[in-house]
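Taking it in order: structure first as structure tokens, then the write-up.
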Number of protein chains: 2
Amino acid sequence: MVSFERFVPGDGPIYQQMVIYIKREISAGAIQPGDEMPSRRVISSLLGVNPNTVQKACKILEDEGIIQSHSGAKSIIVLDEKMRKQIKTELLEADAKKAVGILKQMGIPKTEAFSLIGKFWKEEE
Amino acid sequence: MVSFERFVPGDGPIYQQMVIYIKREISAGAIQPGDEMPSRRVISSLLGVNPNTVQKACKILEDEGIIQSHSGAKSIIVLDEKMRKQIKTELLEADAKKAVGILKQMGIPKTEAFSLIGKFWKEEE
DNA sequence: TAAACCGTATTAATCGACTAATACACTTTG
DNA sequence: CAAAGTGTATTAGTCGATTAATACGGTTTA
């Protein structure tokens, strides 16, 4: 069963955050093909958002071929390994590029950036 | 004169992006105390947004003590060195922490994260 | 089979970001 | 001084994200 335990609300529309959350969990292998999604109503209650907002996210995931929804039954994850790698690459490129761009705009030298990242990596372990 | 050349529109409210942009330029030393801000109307035309949106950002910057506005004349940057370092630290902590959190959620090992960042750092030089 | 659960859809309403138009008083500048 | 430029404020309106309430038909399950 797909879990939303690691979901932490951030910036921007919630339905977009949900889509990205699922994709990141898929990249990590924490969500796998065949896994069941909790029902729209359960998710909405878990995250404290409206069922319609959840449905909006699920609609996007279905349009992208990541979940499959049979009306009446729970949705399931349906992606293959090729697609998983593709999603992972896309997310990584976007996130790493963004992080690098920010650090460079702030005038941080590469070495300092590495030590910073190493520091925060340690703190959370 | 404060420049908006490096401003690239991203996610979230524009007035918040403007505030962060100014702070990052300050962190980098590209914006310094005494620098003049372009007028609200000029900025709005530069960025293609409404003057009121620009004013909203400037109001925040003034409330935080980063700019000083005399009605009728251009606003100027007024922060001291202590404040500059404080701003830089705040931004770095937030950005680096966020980036690390994302990479870890995706199950990226530390070594791979470093090589990724190194790669994108190179590409833009 | 029947109740409980599920995906889906519709309609209306709220809220914040942003636009738009305009006005006023102050300062800089020629 | 006078014109142009500037910060500030007000009011109204648009638009998208989100909430809210509700309904319908298919699937699970006891």
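A, B, ... follow the sequence lines: proteins, then strands. Residue 1 opens every chain. From a predicted model like this one, the values you see are computed outputs, not experimental measurements. Values below: all heavy atoms of this structure, side chains included; hydrogens, waters and symmetry mates excluded.
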query: Which residues, if any, of residues 39-49 of chain B bring a heavy atom under 4.0 Å of DNA chain D?
result: Ser39(B), Arg40(B), Arg41(B)

message: Which residues pass the side-chain contact (heavy atoms from CB on, under 4.5 Å) test with Ala99(A), not counting sequence neighbours?
response: Ala99(B)

- line: By side-chain contact (heavy atoms from CB on, under 4.5 Å), Asn50(B) pairs with (sequence neighbours left out) Asn52(B), Thr53(B)

task: Identify, with sequence neighbours excluded, every residue that meets salt bridge (Lys or Arg N to Asp or Glu O under 4.0 Å) alongside Asp80(A).
output: none

query: Using a cut-off of 4.0 Å between protein heavy atoms and nucleotide atoms, how would you tag nucleotides 25-30 of chain C 5' to 3' with B, S and -?
result: -BSS--

Sequence neighbours excluded, every pair satisfying ring pair (Phe, Tyr, Trp, His ring centres under 6.0 Å) that has a member inside residues 80-119 of chain A: Phe114(A)-Phe114(B)

statement: The complete set of ring pair (Phe, Tyr, Trp, His ring centres under 6.0 Å) pairs with one or both residues in residues 46-76 of chain A, sequence neighbours excluded, reads none

query: For DNA chain D, which nucleotides open and close the run of contacts to chain B, 5' to 3', at under 4.0 angstrom from a non-hydrogen atom?
result: dG5(D) to dT10(D)

statement: One would report the end-axis bend of the helix from dT1(C)-dA30(D) to dG30(C)-dC1(D), five pairs per end and rounded to 10 degrees, as 30°

- line: Quick note, side-chain hydrogen bond (donor to acceptor under 3.5 Å, both in side chains) partners involving residues 4-14 of chain A, not counting sequence neighbours, are Arg6(A)-Glu25(A)

- prompt: What residues in residues 53-65 of chain B put a non-hydrogen atom under 4.0 Å from any atom of DNA chain C?
  reply: Thr53(B), Lys56(B)

Ignoring hydrogens and angles, write down the donor-acceptor pairs under 3.5 Å from the side chains of residues 59-66 of chain B, residues two or more places apart or on other chains.
from	atom 1	to	atom 2	distance (Å)
Lys59(B)	NZ	Asp63(B)	OD1	3.3
Lys59(B)	NZ	Asp63(B)	OD2	3.0
Glu62(B)	OE1	Ser69(B)	OG	3.3
Glu62(B)	OE2	Ser69(B)	N	3.2
Glu64(B)	OE1	Lys23(B)	NZ	2.9

